[in-house]
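Worksheet for the structure shown next.
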Amino acid sequence: MAGLLVVRVHLDWTGPGHYDRDRSLPCRVCTTNTKMRDGKGAACHQSCAEDEIARELLGTGQALIADERVPTPATVAGGRLATAGGPQ
């Protein structure tokens with residue numbers, strides 16, 4: 001059974017450190033000029049930063065889902081982990 005993993009990220013960039021009114025530089029993600037700055041001061045659109053973080057979280061989530069060491073609901077029976085040999 002396949003699952004759907006949805007990741008939404010919204011950053012609060014209302015602080016003055018996220019805007020440089022004097023200089024427009026190429027965004028580090030899409031290379032379109034912007035006056036917006038990320039937390040490290042690099043030119044970056046808020047939407048580009050949100051998409052970048054969402055992609056990272058999605059990749060991590062998919063890796064955890066694919067990792068057989070992480071128990072799925074089907075492998076947990078009555079609060080105990082079901083084993084390959086059946087209930088013990």
Side-chain angles (χ1 to χ4, degrees):
M1 177 177 196
L4 177 65
L5 183 60
V6 177
V7 178
R8 292 187 183 121
V9 175
H10 177 75
L11 300 173
D12 179 7
W13 280 18
T14 56
H18 290 289
Y19 185 74
D20 183 351
R21 64 183 180 92
D22 298 324
R23 288 192 321 163
S24 187
L25 298 172
C27 173
R28 63 179 172 79
V29 177
C30 72
T31 68
T32 304
N33 282 350
T34 182
K35 292 185 177 210
M36 299 300 293
R37 302 294 182 259
D38 65 13
K40 294 181 179 179
C44 186
H45 295 103
Q46 179 177 351
S47 59
C48 288
E50 291 169 346
D51 289 346
E52 187 176 50
I53 293 169
R55 282 192 306 271
E56 290 175 12
L57 292 172
L58 180 62
T60 301
Q62 288 174 332
L64 289 173
I65 290 169
D67 189 344
E68 295 175 359
R69 296 173 297 173
V70 178
T72 63
T75 61
V76 178
R80 289 188 290 177
L81 192 61
T83 61
Q88 294 181 7

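Values below: every heavy atom of this structure, side chains too, minus hydrogens, waters and symmetry copies. Keep in mind that what you see is a predicted model, and the values were worked out from it rather than measured.
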Query raised in the report: Residues in salt bridge (charged side-chain N to carboxylate O under 4.0 Å, His left out) with Arg28, at least two apart?
Result: Asp38, Glu52

Report summary line: Sequence neighbours excluded, the answer for ring-ring contact (aromatic ring centres under 6.0 Å, His included) partners of His45 is none

Query - For Asp22, side chain to side chain donor-acceptor pair (under 3.5 Å) partners two or more places apart - result: none

Report task. Scan for ring-ring contact (aromatic ring centres under 6.0 Å, His included) pairs involving residues 5-40, sequence neighbours excluded, and state none if there are none. Result -> Trp13-His18

Report summary line: salt bridge (charged side-chain N to carboxylate O under 4.0 Å, His left out) filter on Arg23, not counting sequence neighbours, yields Asp20

Query raised in the report: Residues two or more places apart in sequence or in another chain: which of them pass salt bridge (charged side-chain N to carboxylate O under 4.0 Å, His left out) with Asp51?
Result: none

Query raised in the report: What residues, two or more places apart in sequence or in another chain, satisfy side chain to side chain donor-acceptor pair (under 3.5 Å) together with Gln46?
Result: Glu50

Report task. Measure the CG-SG distance between Leu11 and Cys44 for me, rounded to the nearest 0.5 Å. Result -> 9.0 Å

Query raised in the report: Does any non-hydrogen side-chain atom of Val9 lie less than 4.5 Å from one of Leu57?
Result: yes

Query raised in the report: Between Ala43 and Arg37, what is the shortest heavy-atom contact and its length?
Result: CB-NH1, 3.6 Å

Requested in this report: Determine the minimum heavy-atom distance between Ser24 and Asn33, stating which atoms define it.
Outcome: OG-CB, 3.4 Å

**Report entry** Hydrophobic cluster membership, Ile53 vs Val29, 4.5 Å side-chain cutoff
**Finding:** no

Query raised in the report: Quick one: salt bridge (charged side-chain N to carboxylate O under 4.0 Å, His left out) pairs with a partner in residues 53-66, sequence neighbours left out?
Result: none

